[in-house]
Number of protein chains: 2
Amino acid sequence: MARHPAFDVLLESCPSRTSLARIANKWTAMVVIVLSDGRRRFGDLRAEVEGISGKVLTETLRDLERDGLVERHVYAEMPPRVEYELTALGRTLHVPLQALGR
Amino acid sequence: MARHPAFDVLLESCPSRTSLARIANKWTAMVVIVLSDGRRRFGDLRAEVEGISGKVLTETLRDLERDGLVERHVYAEMPPRVEYELTALGRTLHVPLQALGR
DNA sequence: CAGTATCCTATCGGATACTG
DNA sequence: CAGTATCCGATAGGATACTG
């Protein structure tokens, strides 16, 4: 069943399927795109990604954090401030995502 | 509420949100990646995109076709043969998708 | 072979209310 | 402000059976 080696990489030893699956939801790409413009507070992120609910934004950010694409910065202030920032890995998504949006 | 103009494009006049939404499902990206290697018959596509069901592959291809990313070639033979091929527009997705998969 | 037609369930994501 | 907790409906997508 030998095909093109380049595609065996994509289809069989599938870390790339995982990263594609990461994009395969309604909001992740948008969040990454906004964050690629720079560090953002939770509330600002929520405002800029128009339509996203708080719950889903939290989930999205937690997933991105777990995958090492986003870093979370918590400031022990009152009122609380939390900022999110793309990691170096997260930043590698910027160009392809920008390109997908034309 | 003025932000970076580049992002206003992405977030407000949102044809790019549409194209991101197109990728935001479980299989579309995979299908496009395989097709970017060349024209494929329905059955071959189904075999190469491991795990996809016939129903969902059909749906995915219909959507891509409607959006002008894929062209459908029907051969009046017995047994029937149908091939799918990326359009020029569809091919523009290859590089960014490949990049997303690292 | 390349699909439809059904049916069915898991999950995704929205709304709302509440908290440190 | 930045979340959690809860509930809940829609729908994406899987399994199976059937057809031209």
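Chain letters run A, B, ... following the sequence lines, proteins first, then strands; residues in each count from 1.
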Determine the contact category for [X]: base if any of its heavy atoms lies under 4.0 Å from a base atom, sugar-phosphate if only primed atoms, P, OP1 or OP2 are that close, otherwise nothing.
X	result
A:Arg46	nothing
B:Gly54	nothing
B:Tyr75	nothing

Inset, instruction - Report the nucleotide, chosen from C:dG3, D:dG3, C:dG13, that has the shortest atom-to-atom distance to any side-chain atom of B:Tyr84. - result: C:dG3
Legend entry - Selection from D:dG14, C:dG14, D:dG3 that lies nearest to any side-chain heavy atom of B:Val56: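 Nearest listed nucleotide: D:dG14.
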Separation of [X] atom [atom1] from [N] atom [atom2], in whole Å?
X	N	atom1	atom2	result
A:Glu77	D:dA2	CD	C1'	13 Å
A:Leu57	C:dG14	CG	C1'	14 Å
A:Arg81	D:dC1	CZ	P	13 Å
B:Asp44	C:dA2	CG	C1'	12 Å
B:Leu61	C:dA2	CG	P	11 Å
B:Phe42	C:dA2	CZ	C1'	6 Å
A:Trp27	C:dT11	CH2	C1'	17 Å
A:Glu59	D:dG3	CD	C1'	12 Å

Inset, instruction - Please tell me which of A:Met78 and A:Asn25 maps to the more 5' nucleotide of DNA chain C, matching each residue to the nucleotide holding its nearest heavy atom. - result: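 Residue closer to the 5' terminus by nearest nucleotide: A:Asn25.
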Inset, instruction - Hunt down the Watson-Crick or G-U wobble partner of C:dC18, both distances under 3.5 Å, from any strand shown, or write none. - result: D:dG3
Legend entry - A:Arg81 to A:Tyr75, cation-pi by 6.0 Å centre distance and 45° axis angle: yes
Inset, instruction - Would you mind checking if A:Arg40 and A:Glu48 are paired as a salt bridge, meaning a charged N to carboxylate O distance below 4.0 Å? - result: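 Yes, A:Glu48 and A:Arg40 are salt-bridged.
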Legend entry - Carboxylate-amine/guanidinium contact A:Asp44 A:Arg41, below 4.0 Å: no
Inset, instruction - Please check the phosphate of C:dG3 (OP1 and OP2 only) for any side-chain N or O of B:Arg62 closer than 4.0 Å. - result: yes
Inset, instruction - Please check the phosphate of D:dG3 (OP1 and OP2 only) for any side-chain N or O of A:Arg41 closer than 4.0 Å. - result: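 No.
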Inset, instruction - Mark yes or no for a side-chain to base donor-acceptor pair under 3.5 Å between B:Lys55 and D:dG14, with no hydrogen or angle criteria applied. - result: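 Such a pair is found, so the answer is yes.
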Legend entry - Donor-acceptor under 3.5 Å (A:Ser36 side chain, A:Arg91 main chain):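 Not a single qualifying donor-acceptor pair exists.
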Legend entry - Side-chain donor/acceptor of B:Thr92 to backbone N/O of B:Leu89, under 3.5 Å: yes
